[in-house]
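Lettering follows sequence order; numbering is per chain, from 1.
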Amino acid sequence: MWKGLSVITDSPSPIVVVLSGSMEPAFQRGDLLLLWNRNLFSETNVGEIVVYNVKGKDIPIVHRVVRKFGTGPDAKLLTKGDNNAADDTELYARGQDYLNRKDIVGSVVGYLPFVGYVTIMLSEHPWLKTVMLGLMGLVVVLQRE
Amino acid sequence: MYSSLVRLQNTFSFFTTVAFVVAAFIAASDLLAPRTPTVSLLKTTNLQVVRGRPHYYSSKKEEYAIIKFSLEADFSSLFTWNTKQLFVYVTAEWPSAGGTGSGRNATNQAVIWDTIITAPSADHLANIGPVAMKKLKRSAQGKSIDPSRGKLSLKNQRPKYQITHPSGKVAEQEDVVLRLHYNVQPWVGVLTWNQDEEFWKWKPLRGSLSKKFSLPALKKKDEGKKEGSRV
């Protein structure tokens, strides 16, 4: 199902969980976003909220496109978080001033609040994983009567 | 064999199913609410081009356009029970050197001003100081939807962002237009932007384009240095 969704939306990760508060109040931590990475009717334009990857960093970032110079795959895009005062130039790789279309994983089209919070909980409190595993083990042991 | 665990599982899965169905209904209810946003005024009031640096530690000098504008728009119909916030932004657009056409086919587009209008139900999420927060909350006391917030009236508004071009040159640029956009952020569902075509009950945003104008020549003395130094 994940693969199918990936093919339909043409995005390597069609569903992402918001990890930071830089797009508040639109997106909080733990909200689930549905991405779309095809340019059927128009190009990725200013105002769209995109998820992009920066070379050398593995955490995708969700921000809004605020500037676009040129068209096509070589267009230069600049992004900024709604909640940040400054644009993202500092987040980009060294010497990189703009994003290209290929850096973008997808544009946000759908929104579901809070559902992804479980993943944040699990990654930020590793002991929760242990507790859950323990609980599962206990259940297995108890159900064998 | 009904162990308490199976019951718990069933309850949980039923709960999630119901939650998803309710969410889907709420998201679909957006379509039933008519949207009739209007723009009655969008024009530039003052144009300036200054030289400055992209940031404090940069030795590079670039030209920055400071475009002041007036705006009158009514977005009150966009506020429904599923509206979390409205993001309104004004872009400047101009064709690239050698290219033709503007507006839809603009090849250079930059946001010069934006604002977040939260619905009263999302006020507590806004990133503002405690005094402003109190004021904001009091402005909509007892109301969960406040369409009056969608009425915008700006006179000679300073831009939030001074814009430039990767080439560093914007002075005397011709065929520049301002365009007003909006983005509705729902509590759950599909994000929507202003559309050019009518879509059932949603009207397009007309008059969102300003008249074409040209940016002035570079200002002689470095008077606007401070303004240009931070972008």
Task: Side chain, backbone, both or neither of A:Ile49 within contact of chain B (heavy atoms, under 4.5 Å) - done: both

Task: Student check: side-chain heavy atoms of B:Val39 and B:Arg206 closer than 4.5 Å - done: no

TODO: Report the C-alpha separation of B:Val184 and B:Phe79 in whole Å, then their side-chain angles, then the decisive distance to 0.1 Å, and conclude whether the side-chain contact (heavy atoms from CB on, under 4.5 Å) test is met.
DONE: CA-CA 9 Å; B:Val184 180; B:Phe79 285 89; over 6 Å; no

Task: Side-chain donor-acceptor contact under 3.5 Å, A:Asp88 with A:Thr79 - done: yes

Task: Proximity breakdown for B:Tyr182 and chain A, heavy-atom pairs closer than 4.5 Å - done: neither

- [ ] Could you tell me which of A:Glu43, A:Lys68, A:Arg64 has the largest number of non-hydrogen atom pairs under 4.5 Å with chain B?
- [x] A:Arg64

Open item on the list: At a 4.5 Å cut-off on heavy atoms, which part of A:Val46 comes close to chain B: side chain, backbone, both, or neither?
Closed with: both

Task: Side-chain heavy atoms of B:Glu63 within contact of B:Leu215, under 4.5 Å - done: no

Task: Which portion of B:Gln85 sits near chain A, non-hydrogen atoms under 4.5 angstrom - done: side chain

TODO: Could you tell me whether B:Phe87 and B:Tyr89 have their ring centroids closer than 6.0 angstrom?
DONE: yes

TODO: Tell me, for B:His165 versus chain A, whether the close heavy atoms (under 4.5 Å) come from the side chain, the backbone, both or neither.
DONE: both

Open item on the list: Please tell me whether A:Tyr92 and A:Asp97 have a donor and an acceptor in their side chains that are separated by less than 3.5 angstrom.
Closed with: no

- [ ] Could you tell me which portion of A:Lys76 (side chain, backbone, both or neither) has an atom closer than 4.5 angstrom to a non-hydrogen atom of chain B?
- [x] side chain

